[in-house]
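I have placed the structure first, in the form of structure tokens, so that the comments after it can refer back to it.
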Number of protein chains: 2
Amino acid sequence: MGNRYISLKDLANELNVSISTVSRALKDHPDISVEMRQKVKKLAQERNYSPNPLAMGLLKQTTGMIGVIVPDVVTHFYASIIAGIESLARKKGYFVVIASSGESYEKEVEAVENLVKARVDGLIVCLSRETQTYHHFEKIIEQNIPLVFFDRVCLEDRVSCVTADNIDASKRIVHHFKNQGYKRIAFISGPRHLNISKERLAGYMEGLNEAGYPFSPELVEQCNLSLESAKSAMSRLLQLPNPPDAVFGINDTVAFGAMKGIKERKLRIPEDIGLVGFTDEFHATVVEPPLTSITHPTFKIGQEAAKQFFKRMKHQDTHHVSILKTNLIERASSVRNS
Amino acid sequence: MGNRYISLKDLANELNVSISTVSRALKDHPDISVEMRQKVKKLAQERNYSPNPLAMGLLKQTTGMIGVIVPDVVTHFYASIIAGIESLARKKGYFVVIASSGESYEKEVEAVENLVKARVDGLIVCLSRETQTYHHFEKIIEQNIPLVFFDRVCLEDRVSCVTADNIDASKRIVHHFKNQGYKRIAFISGPRHLNISKERLAGYMEGLNEAGYPFSPELVEQCNLSLESAKSAMSRLLQLPNPPDAVFGINDTVAFGAMKGIKERKLRIPEDIGLVGFTDEFHATVVEPPLTSITHPTFKIGQEAAKQFFKRMKHQDTHHVSILKTNLIERASSVRNS
DNA sequence: AAGCTTTGTGCAAAGCTTTGCATGAAGAAA
DNA sequence: TTTCTTCATGCAAAGCTTTGCACAAAGCTT
């Protein structure tokens, strides 16, 4: 019936010893006699004692919580990364508290504030698509609170970051298209200020260069990373006087948006137009046709982010940029002859 | 530089007043003079004071955390429900801590223990597919810890539960198939002990009855809710001497597994075989052909679960079974003539 | 037997907040 | 001037754990 948890005090009273004796006995402190230790442990077991994390936290000045901020929680990409973070956190006895920015700058700032007020031990963050100023994170850095970014990152010179090798990946996509005989390769990018946009664009251009293809500015379209805006971007590309015969979308949602746009025009994939996404494994296989894509090792990204986080927890002045290798997996959406 | 948070003590020292004065001033306690209140508030603002939740928690015996246990976190269905829970929790100043059972009974038990040790204020749970005994939850009930189940539920007579109207939904699926001219309707179910299996089977049978269709036991297949096992179940159905011309899968993963099984045999959907899922909105639209399905109001389920949770927090001895209406959305996978 | 070491426990502070009760001063009433 | 209010503020306990230091008793040495 009683809701109350058993405390050291309760055990101490019952055994007629002091709280400190109980505390030490439970930790096998050598000062305590062996019989006492056993007696205490037995009772603790019976009463189902577990130490109060609030008291511990107060003492140790730590909550054992990691705050994670993502643009949204329902996209498989983020859900899977969160799962990766959590797998490591749990091992270390930490909890993960998730906040969603909903791709909004204001909500991101708010989430940071809330999590800090809740005294999380640190933050793991993927920037919202709107975020262009970083005061809120600079404050975190000044306060010496561990901070790790992944995928969409900033302040790389001061905090740990985990990203995919975007340049290399984009280059490989271009080469893959070339191998499959595609000639005019378009790129649907995201907001210019995001590192993923910059890096993937750079890789795309390097790839074109290496492939001996000309760079046509009209083949680079912008979108805000939403499905709808990606679909419009695709439509614009298809309305070009000289439309592309291949498209590379900057991330999973964009790839789907592009696919919808293509299907709407009754064009065939991969015959009329090749499509490659920058996507996580799961989504790529569920659509029709299966999407050729650079697949992110999402779970691993999460784990790496957590790893960097704990490294930072140990060593105040550490930070590190992890660049994870990606995989180009060829599927039906861009393979013409097989 | 300094990592330390400002405490009431710091403010008190700086102002040469006592901690209690500061505490009361911040809450506009009438005992404190107006000037003092203003002075304190100003300094608190400047120093960016925020109360330490650990100390508050210790005092109030509450952590402001809700533990949520789901079979997995990457499935859109659960992710979206969690988002629903969180939206309400956040409003009330609570945090959500997520644990995944991975569909394993042991891990579920472990998750319950861990969350209780972490002193969550209560639990919102969807059972793992393996869970058949409920000791771990009965213990929670005895300890008077608020508990709410959703989707896969148990102990309905003692705790709040949120489910879809499974019987009604299943009936509607059968009628829909009949309207589309399908004659032999199969059902791929899950583990028998789960309420969703029982209820959806019941609805299926009632539906057949109402439709004037005979019930053929061989048309009810069992699977363990994994994609693979659902695919095998589908294969078994297709190998029947008299195979079905319509299939209804018990949930989203099963519907996808069935779809894979059907495609593998080069059968056409909906021409050769109709398919209806019990799915959340998102997945249904991303596959090809788009899946007719009973769509769960996932976000709303989460919100309702949270609502019941807070109701229980207020009133010790409350519990309530919420049954949410579902939607049958007709899409290409089961519509023959349109 | 006196003094020293060893062994086993207890005290109390720190970490932070809230809140009932006490205290002190100032002002008002007698 | 004395006593009683009133007003503003401080004290201390509670909530729980860890840990440095103090203390007491017992056993040992000389």
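Chain A is the first sequence line, chain B the second, and so forth, proteins listed ahead of strands; every chain is numbered from 1. Only this structure's heavy atoms are used, side chains among them; waters, hydrogens and symmetry mates stay out.
Considering only side-chain N and O atoms, A:Thr21 lies nowhere under 4.0 angstrom from the phosphate OP1 or OP2 of C:dT9. Here A:Gln61 reaches the OP1 or OP2 of C:dC16: one of its side-chain N or O atoms lies under 4.0 Å away. Note on B:Ser33: every side-chain N or O is 4.0 Å or more away from OP1 and OP2 of D:dC7. Neither OP1 nor OP2 of D:dC16 sits under 4.0 Å from any side-chain N or O of A:Tyr49.
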>> Determine whether B:Arg37 and B:Asp28 satisfy the following criterion, salt bridge (Lys or Arg N to Asp or Glu O under 4.0 Å), listing intermediate values before the conclusion.
In response: CA-CA 7 Å; B:Arg37 288 188 221 168; B:Asp28 267 327; 3.5 Å; yes
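Using a 4.0 Å cut-off between charged side-chain N and carboxylate O, A:Lys300 and A:Glu304 make no salt bridge.
Residue order along DNA chain D, read from the 5' end via each residue's closest nucleotide, puts B:Ser20 first among B:Ser20 and A:Leu59. Place A:Ile6 and B:Asp31 on DNA chain D by their nearest nucleotides, and B:Asp31 ends up nearer the 5' end.
At whole-Å resolution of the value, CG in B:Leu58 and P in C:dA14 are 17 Å apart. In this structure, A:Lys117 places its NZ atom 18 Å from P of C:dC16, rounding to the nearest Å. Rounding to whole angstrom units, NZ of residue B:Lys9 and C1' of D:dA12 are separated by 14 Å. Put simply, CG on B:Leu54 is 16 Å from C1' on C:dT18, counting in whole angstrom units. Taking atom NZ of A:Lys39 as the reference point, atom C1' of C:dG8 lies 12 Å away to the nearest angstrom. Taking atom CG of A:Leu8 as the reference point, atom C1' of C:dG10 lies 14 Å away to the nearest angstrom. Rounded to an integer number of Å, the gap from CG of B:Leu26 to P of C:dT17 is 10 Å. Straight-line distance from the CD1 atom of B:Ile19 to the P atom of C:dA14: 11 Å, rounded to whole Å.
Across all strands, B:Asn52 comes closer than 4.0 Å only to sugar-phosphate atoms, never to a base (heavy-atom distances). A:Ser23 comes within 4.0 angstrom of a base, heavy atoms only.
Out of D:dG10, C:dT17, D:dT17, the shortest distance to the side chain of B:Ser18 is found at D:dG10. When distances are taken from the side chain of A:Lys60 to each of D:dT18, C:dT18, D:dG10, the shortest belongs to D:dT18.
Taking a pair to require two hydrogen-bonding distances under 3.5 Å in either a Watson-Crick or a G-U wobble arrangement, D:dT30 pairs with C:dA1.
You'll find a donor-acceptor pair under 3.5 Å spanning the side chain of A:Arg24 and the base of D:dG20, going by distance alone.
Judged purely by distance below 3.5 Å, without hydrogens or angles, the side chains of A:Thr133 and A:Tyr105 pair a donor atom with an acceptor atom. Neither side chain, B:Ser128 nor B:Glu103, offers a donor N or O lying under 3.5 Å from an acceptor on the other.
Checked against the 6.0 Å centroid threshold, B:Tyr49 and B:Tyr5 do not count as a close aromatic pair.
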